[in-house]
Number of protein chains: 2
Amino acid sequence: MRHFADEAPAAALESDTVSPVRAMTAAGEANRERILDAALACFARTGLNGTRIEAIALGAGLSKTNLLYYFRSKNALYLAVLTRTLDMWLEPLRAIDADRDPRAALSHYITAKLAAARDHPEASRLFALEVMQGAPMLSAVLATDLKALVDGKVALLRRWQDEGRLKPHDPHHLLFQIWATTQHYADFATQVEQLTGATLADPAFFERTREAILASILGAVLPECAPAAILRQPASPSAREP
Amino acid sequence: MRHFADEAPAAALESDTVSPVRAMTAAGEANRERILDAALACFARTGLNGTRIEAIALGAGLSKTNLLYYFRSKNALYLAVLTRTLDMWLEPLRAIDADRDPRAALSHYITAKLAAARDHPEASRLFALEVMQGAPMLSAVLATDLKALVDGKVALLRRWQDEGRLKPHDPHHLLFQIWATTQHYADFATQVEQLTGATLADPAFFERTREAILASILGAVLPECAPAAILRQPASPSAREP
DNA sequence: CACAGACTTGACCATCCGATCAATTGTGGT
DNA sequence: ACCACAATTGATCGGATGGTCAAGTCTGTG
């Protein structure tokens, strides 16, 4: 019997290559992966509470009991899926490069995020579900890792602004806008498809989407376009409004 | 025994003021409302599967059995919450007015949506959860009511573009961007607060957020600012990208 | 070949939770 | 005061489901 991570968000998962006399079989590793894939698909569609452990097992092609041999509990599995997906999900943000020109950096970031929304919508939905429920399993990671990562990029954006290479625009809101607009096409794919009849899988639609996002976001932060007194009318920040 | 709506998405709920000999007591009506409020709070936080019917009863201040006297099943209650909230949620979109000047109309819409995200974040999360899971209970309504509403507004936006009062910008994407950016601050409030330390409840933060959104979206569609050749570098729509 | 330990299985348990029922209390109208 | 019906309650059922157990089978290594 060899069991793995459980509840603890800081779980170290397997690690220990000191191997307990004999390590995990190739078949075992393959099963673990298949389980994680199936679990991602299920959790992203129906959430933690909505998915039955048996459905995941079915998707992975093994029995419920056998699945529980690899992951001691549904929570442990959920956590494993979460951590496995997180790195991939944050990769594009990490890749924003101080050495590159701001326009290229932001343009690449937006494109990468939109491509991720197209290629891994389940990952997007998984995190969206988790965060929307208050991130009960992820709050620690968010408050440390993500915070640090974002702080760094915010500083970079500020520097670019100070150098006059970006228009003044709150860096946090810039990031939020990018996240929101790109992930929207993954998280609300159902709605998008019902209203437009298209999906990001359609290259033409992808390109139109990309251009629409680039137009509004780059237009707001790149200095070549005169600011134009866009904000003029009364604020009325509290009105529910007609 | 008087029971109400059940599964059917097209449920007519109570209606019938023809009263079966004696209508519902004032206390009864009040209870119904309290249940719906409590249910909204719970469903928005933990989703349909994640909330126990007893938690809602507790939040509403009555017993589980008593709650089931007012709503014959958890699904019926969920559906009732959904439909009760939908009207309020779509109101700002309906209010986009052909008679108004495009700038004012869009600015008002964005402000109203952001205010709604601030004042009714649970509503936002409720629909987000529902749509993200494929809108199992709402797909019918979305495909008809919402579709019709959106089609109308898209036509209006197109007209404005044809008249030169808006820059060419796919109307669907414009709406999606507005929805995504405003609702993000409700749906991902946890994350936003962890990263910025602020909430929409803070008037200064609300105003900064509003300005950031207006700047990018209005900047992209209002004609006073020269387009500027923002989209120039290679598309590479498929690259995952470094 | 033998054996240790990874892998797999089917039967089973315990509990949670949505829902029903029978019975009681409260209340507005006549 | 009485009655019909709304409102409320506690007991209880039954199905679903997460998780355990004991008993295997398979496989690489000594």
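Since we're looking at a predicted model, the values are computed, not measured. Sequence lines set the chain letters: A, B, ... in the order given, protein chains first and strands last, and positions in each chain run from 1.
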message: Does any part of the side chain of B:Glu33, heavy atoms only, come nearer than 4.5 Å to the side chain of B:Arg84, both counted from C-beta?
response: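 Side-chain contact under 4.5 Å: yes.
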- request: For the pair B:Glu122 and B:Arg125, find out whether any cationic side-chain nitrogen is under 4.0 Å from an anionic carboxylate oxygen.
  value: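 No, no charged N to carboxylate O under 4.0 Å.
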- prompt: Thinking salt bridges, do B:Asp37 and B:Arg32 make one under a 4.0 Å N-O criterion?
  reply: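 Not counted as a salt bridge, because no side-chain N and carboxylate O are separated by less than 4.0 Å.
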Write down the distance between [atom1] ([X]) and [atom2] ([N]), rounded to a whole number of angstrom.
{"X": "A:Asn49", "N": "D:dA16", "atom1": "CG", "atom2": "P", "value": "18 Å"}
{"X": "A:Tyr78", "N": "D:dT17", "atom1": "OH", "atom2": "C1'", "value": "19 Å"}
{"X": "B:Glu29", "N": "C:dG28", "atom1": "CD", "atom2": "C1'", "value": "16 Å"}
{"X": "B:Leu77", "N": "C:dC17", "atom1": "CG", "atom2": "P", "value": "16 Å"}
{"X": "A:Asn31", "N": "D:dC26", "atom1": "CG", "atom2": "P", "value": "16 Å"}
{"X": "B:Arg72", "N": "D:dA6", "atom1": "CZ", "atom2": "C1'", "value": "17 Å"}
{"X": "B:Leu58", "N": "C:dG18", "atom1": "CG", "atom2": "P", "value": "14 Å"}
{"X": "B:Leu68", "N": "D:dT8", "atom1": "CG", "atom2": "P", "value": "13 Å"}

Over 12 foreign heavy atoms within 6.0 Å of CZ, A:Arg34: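 Yes, because the 6.0 Å sphere around CZ of A:Arg34 holds more than 12 heavy atoms from other groups.
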query: Quick one: are the ring centres of B:Phe205 and A:His173 less than 6.0 Å apart?
result: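 B:Phe205 vs A:His173: aromatic centres under 6.0 Å.
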Using a cutoff of under 3.5 Å, can you pull out all pairs of nitrogen or oxygen atoms linking the protein to nucleotides 9-16 of chain C, with atom names and distances?
from, atom 1, to, atom 2, distance (Å)
C:dG10, O6, A:Thr65, OG1, 3.2

- prompt: What's the spacing between B:Glu54 CD and B:Leu68 CG if we round to 0.5 Å?
  reply: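 If I round to the nearest 0.5 Å, the distance is 10.5 Å.
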message: If you only use heavy atoms from C-beta on, which nucleotide in D:dA6, D:dG19, D:dT8 is closest to the side chain of A:Ile53?
response: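 Within the option list, the nearest is D:dG19.
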